[in-house]
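Input: a single structure, listed below in structure tokens.
None of these values were measured; they are calculated from a predicted model. Position 1 is the first residue of the sequence; numbering continues from there.
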Amino acid sequence: REAAAVAREVNPDIKVMSDDSLGSVCWIYDFTGWENIFDIVTHQLDPQTENMDPIGFLTRYLADLSGVEHVWPCPHVEEYSKSFTPSEVLDELSSSIRNGATGFHFFLNQTVGKAARKRYLVCEYWGAPDRFATMMNVLKFLRTSPKLKEFKRDAAIFLGTGDSVFSGA
């Protein structure tokens with residue numbers, strides 16, 4: 001809050017972006033009250049959970065609770081926790097857009113290949129050019145397309161349980 005205020009004193013036109021904390025459906029943070037601090041809110045989205053839409057869910061959660069107009073999540077669709085095909089990348093990014101993303105930022109380092117010391121070409125640009133092209137085409141599309149119209153929400157249901165993906169770990 002203080003850093004944003006100082007930045008705006010120095011340059012009133014500056015855009016202040018939130019920290020990109022790491023998260024999954026099992027790591028939920030409180031984003032309320034951010035609309036008066038940040039111009040762009042972001043959060044890392046790690047799609048490790050199968051049989052659900054963690055990227056869509058976390059984008060909606062971030063958009064609704066933060067109240068910030070510009071939501072630019074960092075969905076890990078590069079070679080991070082798994083390797084996505086271009087079609088899967090498009091599915092994941094589309095889900096995020098439908099749930100409130102207005103842009104993205106990407107972590108293009110090939111983390112899995114680096115850790116395994118194989119199939120590592122530093123960046124998606126060289127290591128997975130088809131996946132990289134898909135990500136860049138989605139960004140190009142977002143720059144030229146109108147924002148999706150959303151229906152007004154007047155209630156939310158959030159269910160929690162003691163049982164989770166990490167239970168027993």
Honestly curious: do Val77 and Phe57 fall in one hydrophobic cluster under the side-chain, below-4.5 Å linking rule?
yes

Closest heavy-atom pair and its distance - Pro73, Gly103:
CD-O, 3.4 Å

How far apart are the C-alpha atoms of Tyr61 and His43, what are their side-chain angles, what is the distance that settles it, and do they pass the ring-ring contact (aromatic ring centres under 6.0 Å, His included) test?
CA-CA 11 Å; Tyr61 183 85; His43 185 50; 8.2 Å; no

Hey, mind stepping through Phe106 and Leu93 against side-chain contact (heavy atoms from CB on, under 4.5 Å) and telling me if it holds?
CA-CA 11 Å; Phe106 295 113; Leu93 298 181; 4.0 Å; yes

I'd like to know if Ile97 and Leu139 are part of one continuous hydrophobic network [Ile/Leu/Val/Met/Phe/Trp/Tyr, side-chain heavy atoms within less than 4.5 Å].
yes

Hydrophobic cluster membership, Phe141 vs Phe132, 4.5 Å side-chain cutoff:
no

Reported NZ-to-CD1 distance for the pair Lys15 and Ile40, which is rounded to 0.5 angstrom
7.5 Å

For residues Ala4 and Val16, report the shortest heavy-atom separation together with the two atoms involved.
CB-CG1, 4.0 Å

What is the distance from atom CD of Gln44 to atom CG of Asp19, rounded to the nearest 0.5 Å?
8.5 Å

Donor-acceptor contact below 3.5 Å, side chain Arg131 vs main chain Phe84
yes

Closest heavy-atom pair and its distance - His105, Pro75
O-CD, 3.9 Å

For Asp91, does its backbone N or O pair with a side-chain atom of Ser95 as donor and acceptor, under 3.5 Å?
no

Under 3.5 Å: donor-acceptor pair, side chain of Thr32, backbone of Leu65
no

Spell out, as yes or no, whether a donor-acceptor pair under 3.5 Å connects the side chain of Thr134 to the backbone of Asp130.
yes

State plainly whether one hydrophobic cluster holds both Met135 and Trp72, where clusters connect Ile, Leu, Val, Met, Phe, Trp and Tyr through side-chain heavy atoms under 4.5 angstrom apart.
no

Same cluster for Met17 and Ile14 if Ile/Leu/Val/Met/Phe/Trp/Tyr side chains link at under 4.5 Å?
no

Minimum heavy-atom separation for Thr42 and Cys74, please, with both atom names.
OG1-N, 3.8 Å

First locate atom CZ of Arg8, then atom CD1 of Ile37, and finally report the distance between them rounded to the nearest 0.5 Å.
9.0 Å

Euclidean distance, Leu62 CG relative to Ser18 OG, rounded to 0.5 Å
7.0 Å

Taken to the nearest 0.5 Å, the spacing of Ile55 CD1 from Arg98 CZ works out to 11.5 Å

Correct closest heavy-atom pair for Gly100 and Arg60 would be N-NH2, 3.5 Å

With heavy-atom distances below 4.5 Å as the criterion, would you say the side chains of Ser66 and Phe38 are in contact?
no

